[in-house]
Amino acid sequence: MTRVFSGMQPSGDPHLGNLLGALAQWVVDQHRAESLYCVVDLHALTSPQDPAELRARTLGLATTYLAVGIDPEVATVFVQSHVPEHAELAWIMQCTAAYGELSRMTQFKDKSDQHEFVSGGLFTYPALMAADILLYDADQVPVGDDQRQHVELTRDLAIRFNSRYGDTFVVPEGVYRTAGARVMDLQHPTRKMSKSLDSPQGTILLADDLADVARKVKRAVTDTDNEVRFDVAAKPGVSNLLSILAACTGADPAELAGTYTQYGPLKADTAEAVVEFLRPIKARHAELSDDPTAVATVLAEGAEHARQLAGATLSRARDHLGMLPRA
Ligand code: TRP
């Protein structure tokens, strides 16, 4: 059976882009593949985190996975740092990657320009991501387009390791979301909706109350003329609303465009669709938050299963590398 692995960082509050983009896909994938979904807390450490916030967000993100419909009876849900094999294989991957290769990662270049403190971990981050994927012999890795370079590097590292030390890792494939499935900022529709807090009116958080959600959608920036048309380049604001409405209702954005002649009704319908999409997820999230031991149990079972798989792969890698067996 195909195996799928993906992860998300607990370094911000989950927003509509995470839900409609990544998580909705994971929910579908869990029924066609053996899926592992990880809260990648070690990745969050690449920039300084407040300890209490990190702890709360890690549990909160795991709760969100479950609230959107990831079923722990079907998929494995766990926290990266609960499986110490990630850190160990990450070191091996750091030694497999070339310095020049890591230097060419565009996300590192972007992020290191933005941060005043650039950690060594920010530089070696893709080696940890490679370890995440390779530990589970994952065939497919559903991610956003911004992660393409990291998945390509993971493939190169797997191939390099296999050719140096013998067949050890499955070479994974990236599965990339299409542009239409990308949720843009409601105030700045040419940039992705993101966790960074500099555009609160453009970002819909799972934690927002539903009245705020509706207000933010109705105040979304649209484009200057009055035509409703799905054209991401020429009409980014309207196209974003159409994409969101389509994603919430399972429709096609270009077809939806034909049913509107004015912005007002499009905004009203999109606001309602987003509210109705979020309502049950918020309710389930609140229910699960009232029972943190239930979520903790899911994570404990998830980590136990993950460790079995990860341990087997790591032993294989250690053996092929020539590490002396532990007695
Ligand atoms: N780097 C990914 C991101 O920021 C998160 C991530 C870490 C990930 N490890 C992964 C995604 C492994 C897929 C597979 O979005």
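We count ligands from 1, going down the list as the structure has it; atoms in each ligand are counted the same way.
- Using a non-hydrogen distance threshold of 4.0 Å, His150 does not register as a contact of ligand 1.
- Taking atom 5 (C) of ligand 1 as the reference point, the nearest protein heavy-atom neighbour is Gly7 O, 3.7 Å.
- Remark: aromatic rings of Tyr125 and His150 are close, center separation under 6.0 Å.
- Taking atom 9 (N) of ligand 1 as the reference point, the nearest protein heavy-atom neighbour is Asp132 OD2, 2.7 Å.
- Arg160 places a side-chain N or O within donor-acceptor distance of the main-chain N or O of Thr96, the cut-off being under 3.5 Å.
- Scored by the ring pair (Phe, Tyr, Trp, His ring centres under 6.0 Å) test, His15 finds no partners at all (sequence neighbours excluded).
- Close placement of the Phe123 and Tyr99 rings is indicated, their centers lying within 6.0 Å of each other.
- For the pair Ile204 and Met193, the tightest heavy-atom approach, listed with the atom from each and the gap, is N-SD, 3.6 Å.
- Regarding atom 12 (C) of ligand 1, its nearest protein heavy-atom neighbour is Phe5 CE2, 3.5 Å.
- Closest to atom 13 (C) of ligand 1 among all protein heavy atoms lies Val143 CG1, 3.5 Å.
- For His43, the closest heavy-atom approach to ligand 1 falls below 4.0 Å.
- Numbered from 1 in the order shown, with element, the atoms of ligand 1 that lie under 4.0 Å from a heavy atom of Val141 read 13 (C), 14 (C).
- Ranking the protein heavy atoms by distance from atom 1 (N) of ligand 1 puts Tyr125 OH, 2.7 Å first.
- Residues Met93 and Leu128 are not in side-chain contact: their nearest non-hydrogen atoms beyond the backbone lie 4.5 Å or more apart.
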Next on the checklist: Applying salt bridge (Lys or Arg N to Asp or Glu O under 4.0 Å) to Arg307 and Glu304, what does each step give before you reach the verdict?
Outcome noted: CA-CA 5 Å; Arg307 281 202 82 171; Glu304 194 182 307; over 6 Å; no

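- Taking every non-hydrogen atom of Gln9 and a distance limit under 4.0 Å, the qualifying atoms of ligand 1 come out as 4 (O).
- Of the heavy atoms in Ile133, only side-chain atoms (C-beta onward) come closer than 4.0 Å to ligand 1.
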